[in-house]
Undergrad: 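Below is a structure I'd like to ask you about.
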Amino acid sequence: MKSGQSPDDFLPLSESVFQILLSLADEDRHGYGIMKDVEARTEGRIRLAPGTLYGAIKRLKAQGLLAETGERVDPDLTDERRRYYSLTGSGRRVLRAEAARVADLARQAAAKNLLPGWSQITEPA
Amino acid sequence: MDKIVALSDRIYRMVLNVYPRTFLDEYGEEMAQTMRDQVRDALAKRLVFGVLGLWLKVLPDTIRSAFAEHMRQGWWFKPTRHGFGFGFAIAIGFPLALLSRTNGTWSSITGMADTLGFQPDSQWPLFRLMALGGIVLAGIGLHGFSKRIDFESPIRRRVTIGSIWLGVALGLLVFHIPVFLPIRSVPLLGGLNAIPFALLTFGLASIGVSAFRQKGFGVLSFIPLALVASLGWWRFVIMTPPLVFVEGVLEASAVLIHIAFWFILGAVVWADPQEGTDPAAAR
């Protein structure tokens with residue numbers, strides 16, 4: 001993120017980008033790890049292909065929202081070395097801003113009774 | 001099972017050539033690795049059907065994302081100061097020269113002129129001037145473009161520039177100096193007409209291949225370029241009457257392919273060299 005830019009400047013995020021950043025929110029992952037995590041969380045609704053994934057990674061890296069954290073072997077996969085990615089501080093702020101934006105939309109929809117069972121959504125702290 | 005993974009890997013590495021080279025340098029190996037993981041996963045879950053399904057999903061994504069990457073790297077028209085001039089010279093010159101030698105075009109132009117009362121014939125100086133000017137312009141433009149291209153070998157550069165100027169020189173001699181006209185009336189030797197275009201086309205193809213290689217199109221770019229180059233040579237080979245119709249079709253195809261080619265070449269070479277052509281700069 002360049003100086004003078006705020007997280008809101010990056011919003012709204014596309015769903016793929018949001019999911020990629022979200023998958024890095026709890027741990028560093030390699031490309032295939034991101035794919036698997038996104039697929040599992042969205043119950044197969046979003047299946048990233050390599051072109052989309054690495055195109056997004058390239059842009060997010062250039063924007064300073066994610067960073068490489070080196071190469072290592074994933075014990076759960078083959079013994080090939082893999083490049084791992086992590087969320088940067090800026091990436092986390094943008095992700096949080098996007099999550100807040102989506103939550104706000106959900107709150108507005110819930111207020112119009114469009115989301116049954118979502119009336120318990122609380123205001124952000 | 002390993003054979004399927006290996007075969008898929010080999011095919012995917014070929015397909016990856018559609019991405020810009022800078023993108024490929026940075027992520028190509030990782031993308032191939034990820035694709036191998038996906039293929040292993042698909043094989044384990046649904047055997048060969050899983051792999052086919054994966055490919056059906058990956059191919060459209062590859063086309064879409066490769067196009068997007070080319071667009072992001074300034075692949076589309078971003079004229080630079082010199083590139084614009086040379087591009088303009090080629091874009092005007094080569095088709096002009098080519099069109100001036102195409103029978104159908106010639107007839108239609110003379111037909112139109114005749115309707116307007118000019119009654120020109122095939123020796124009308126304007127057409128000869130058109131062809132002459134076109135060839136010179138094409139030569140200047142191609143030479144200018146060749147200076148902006150990394151040929152990856154000095155020999156390739158020399159051969160390319162040599163073929164361009166030899167083509168220009170032969171074009172001027174064979175087409176436009178009356179003393180050579182009797183040669184053109186001799187069957188088969190009439191094919192001399194085609195040699196300058198074949199040489200210029202070779203120069204064009206050589207520049208185009210190198211330009212595409214710089215952008216990462218790699219081997220795939222040879223297919224249309226080989227077609228363009230071979231059309232020039234077919235023009236040389238096919239001179240007997242039964243094949244006149246074929247010749248006409250080939251010439252018309254050559255014109256269309258050339259126009260498309262200028263568009264693509266212009267887009268590639270006019271791209272800002274600060275974006276996309278220098279892997280170091282891109283990082």
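Lettering follows sequence order; numbering is per chain, from 1. Reckoned from all heavy atoms, side chains included, excluding hydrogens, waters and symmetry mates. Everything numeric in this text was worked out from a predicted model, so none of it was measured.
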Undergrad: Could you list which of residues 55-64 of chain B have a heavy atom closer than 4.5 Å to any heavy atom of chain A, in residue-number order?
TA: B:Lys57, B:Val58, B:Asp61, B:Arg64

Undergrad: With rounding to the nearest 0.5 Å, note down the distance linking NZ in A:Lys36 to CG in B:Asp37.
TA: 9.0 Å

Undergrad: Identify which part of B:Thr34 has an atom lying under 4.5 Å from any heavy atom of chain A, answering side chain, backbone, both or neither.
TA: both

Undergrad: Please say whether more than 12 non-hydrogen atoms of neighbouring residues, nucleotides or ligands are located less than 6.0 Å from CZ in A:Arg83.
TA: yes

Undergrad: So, taking the atom named CD in B:Glu69 and the one named CZ in A:Arg59, what distance separates them when rounded to the nearest 0.5 Å?
TA: 7.0 Å

Undergrad: Please classify the contact of B:Gln38 with chain A as side chain, backbone, both or neither, using a heavy-atom distance under 4.5 Å.
TA: both

Undergrad: Tell me, yes or no, whether the heavy-atom count around A:Leu114 atom CG, taken from other residues, nucleotides or ligands under 6.0 Å, exceeds 12.
TA: yes

Undergrad: What is the distance from atom OH of A:Tyr32 to atom CE of B:Met31, rounded to the nearest 0.5 Å?
TA: 15.5 Å

Undergrad: Using non-hydrogen atoms only, which part of A:Glu71 is less than 4.5 Å away from chain B: side chain, backbone, both, or neither?
TA: neither

Undergrad: Identify the heavy atoms of A:Gly51 and B:Tyr19 that sit nearest to each other, and give their distance.
TA: CA-OH, 3.2 Å

Undergrad: Please list all pairs meeting ring-ring contact (aromatic ring centres under 6.0 Å, His included) that have one or both residues in residues 44-87 of chain A, counting only residues at least two apart or in different chains.
TA: A:His30-A:Tyr84, A:Tyr54-B:Tyr27

Undergrad: Are A:Lys58 and B:Glu26 packed together at the side-chain level, in the sense that at least one heavy-atom pair is separated by less than 4.5 angstrom?
TA: no

Undergrad: Tell me, side chain or backbone of A:Ile57 under 4.5 Å from chain B's heavy atoms, or both, or neither?
TA: both

Undergrad: Between A:Arg82 and chain B, which part of the residue has a heavy atom less than 4.5 Å away: side chain, backbone, both or neither?
TA: both

Undergrad: Answer yes or no: does atom CZ of A:Arg72 have more than 12 heavy-atom neighbours from other residues, nucleotides or ligands under 6.0 Å?
TA: yes

